[in-house]
Each structure stands twice: as C-alpha cells, then as structure tokens.
Amino acid sequence: MKKGKKLYEGKAKIIYATNDKNLVIQYFKDDATAFNNQKKSVIEGKGVLNNRISEHILSNLSQIGIKNHLVKRLNMREQVIKLVEIIPIEFIIRNVASGSITKRLGIEDGTVLKEPLIEYCLKDDKLGDPLIAEEHIMAFEWATKKEIEKVKKMILRINDFMIGMFRGVGIKLIDFKLEFGRLKVNGKDEVILADEISPDTCRLWDSITDKKLDKDRFRKNLGDLIPAYTEVAKRLGILHEQSNVSAVNVTKLSSVKRKRK
Ligand code: 5GP
C-alpha cells in the first residue's frame with residue numbers, strides 16, 4: 001500500500017490518502033491539546049501508545065460485532081482505516097460524573113450515574129464543541145433519526161463491553177468520547193464506529209486508588225502521562241509486564257521503525 005498526500009490534519013492525528021480510494025492511513029501524533037486548543041504540548045510517545053491501545057480496543061469491538069473503520073495497524077504510529085464520512089457529532093458516554101458535566105450542572109465529581117448518560121456535542125472547534133440536543137441533530141440534518149437510533153444501540157454495547165474489559169484489569173471507565181462515520185456498502189450508507197478509543201478520549205481511573213490514567217493528567221498538570229498510558233497498555237496485555245516504556249524508549253522504538261521503512 002502506498003502512502004499518498006495529507007488529506008486532513010487534526011489536533012492529535014493526520015489522515016493520508018492511499019492508492020486505494022476506500023482506505024486511508026491514520027497517523028497518531030504526539031501533540032496534546034486541551035481546553036479548545038488553549039493548552040498545547042508535545043508528549044513524546046503518546047501517539048505510539050494511543051495507536052496500540054486504540055487498535056486493541058477496536059479489534060476487540062470488531063469481534064463482538066461492532067463494525068468499525070480499523071483495517072490493520074501498519075506500524076508504531078499508523079493504521080489503515082476505511083474512509084468514512086464523519087458524522088459531525090461527538091458522542092459522550094458517562095458512567096460517572098466528571099469533567100465538563102460537573103461544572104455545567106454542579107454535580108459532584110465522582111458521582112456514579114444510575115444509567116449510562118449519552119450527550120451530544122457538535123464537532124466544531126471554532127464553537128468549542130457545544131452541547132446539543134437530539135432535536136438539533138434532526139433540525140440541522142447532522143444525522144437522521146435512524147442513524148442516531150442505531151448509534152445509541154452501538155454505544156450501549158460498546159460501553160458494556162468496555163466497562164467489563166477495563167474492570168477486569170482494575171480500571172474504572174468514567175466516561176469517553178466516540179465518533180461515527182458513514183460508509184457506502186452496496187450503494188447504501190452504513191454507520192460504523194470511527195476515530196480512536198484511547199486514554200486521550202476516555203477517563204480511566206484506577207479501581208482502588210482512583211488515580212487518573214488518562215488525558216486529565218495533561219489537562220490538570222498532574223504529570224506522568226506516559227507512565228499512566230503505559231500502565232493502561234500493560235494492564236490490557238498489550239505491553240509485556242517487564243517492558244518499561246518511558247517516553248524516550250517509545251520515541252526510540254518509533255524512530256527505529258521509521259528508519260527501517
Ligand atoms: P468532558 O465533556 O468532560 O470534557 O469530556 C467527556 C469525555 O469525552 C472525556 O473522557 C474526554 O476525554 C472525552 N472528550 C470530549 N471531547 C473531547 C475532544 O474533543 N477530544 C478528546 N480527545 N476527548 C474528548
């Protein structure tokens with residue numbers, strides 16, 4: 001497969017064309033941003049870990065019948081994915097209140113929700129990804145009612161699976177963000193899971209200590225982001241227990257891979 005020109009560059013990923021019009025390459029950058037791009041940094045090795053963790057979760061979801069864009073991981077930082085038309089909505093799933101909902105509604109951080117709560121945000125950086133209602137989605141035709149019904153069913157299955165997967169390795173799944181895209185199958189649009197699922201897009205707390213193992217370490221200046229993401233990867237069985245993935249090691253690994261290409 002030949003890597004073509006850059007099609008799109010987001011805050012944490014770059015999409016490249018390939019010689020197959022239906023497939024693109026998703027490259028995971030080390031850039032970290034928060035608060036609508038007001039806080040920025042480069043954290044060496046973050047992209048490598050997110051690529052591995054997202055590959056692991058999406059392939060597991062595939063096995064339980066959740067169709068998604070992942071075709072295969074190519075190397076330390078890249079994966080081949082199906083080209084989809086992204087639905088311009090960020091779907092937020094909350095099991096425990098934390099982050100924006102605590103500020104918006106005055107709910108205490110750590111409040112366990114009786115049922116998973118799904119929120120919708122318009123994917124628009126200029127507007128700061130505003131919270132929207134299902135009615136806005138229909139009114140402005142960002143997605144159809146049928147698509148939203150299908151997405152909601154998929155979300156609840158994904159949430160059930162991920163809660164169990166993380167619980168098994170001593171991690172609480174507090175909340176996460178998903179994106180979905182449309183894929184043409186036999187001339188018809190099918191909605192599939194897209195983007196990434198990683199500690200950049202989830203809140204993950206250690207089950208016993210509530211230690212944050214996710215991007216809140218960056219947002220809240222807690223430090224040690226790479227050790228936290230590495231801990232998630234190790235617990236999921238992606239990295240061997242004895243491997244000590246420091247930022248430097250991860251960077252070395254990825255540059256070795258780059259030189260070999
Ligand atoms: P909150 O609404 O509390 O900021 O975020 C809820 C959850 O969705 C968190 O797990 C957060 O990481 C994820 N999330 C929401 N919006 C974004 C986004 O624009 N980028 C990323 N990486 N994650 C997001």
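Predicted model only: the values in this text are computed from it and were never measured. Atoms within each ligand, like the ligands themselves, are counted from 1 in listed order.
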- Query: Does Lys5 make a cation-pi contact with Tyr16, if we ask for NZ or CZ under 6.0 Å from the ring centre and within 45° of the axis?
  - Reply: no
- Note on the structure: Across all chains, not counting sequence neighbours, the salt bridge (charged side-chain N to carboxylate O under 4.0 Å, His left out) partners of Lys11 are Asp125
- Hits for side-chain contact (heavy atoms from CB on, under 4.5 Å) against Leu105, two or more places apart or cross-chain, chain-then-number order -> Ile101, Ile107
- Message: Once you measure the plane-to-plane angle for His136 and Phe140, does it fall in the parallel (<30°), tilted (30-60°) or perpendicular (>60°) bin?
- Response: parallel
- Residues forming a side-chain contact (heavy atoms from CB on, under 4.5 Å) with Val191, sequence neighbours excluded: Ile87, Glu147, Val151, Phe180
- Query: Can Arg94 and Thr111 be counted as having a side-chain donor-acceptor contact under 3.5 angstrom?
  - Reply: no
- Message: Can you list every protein residue that has a heavy atom under 4.0 Å from any atom of ligand 1, sorted by chain and residue number?
- Response: Glu90, Ile92, Arg94, Ser98, Gly99, Ser100, Asp129, Asp175, Phe176, Lys177, Asp200, Thr201, Cys202, Arg203, Lys215, Arg219
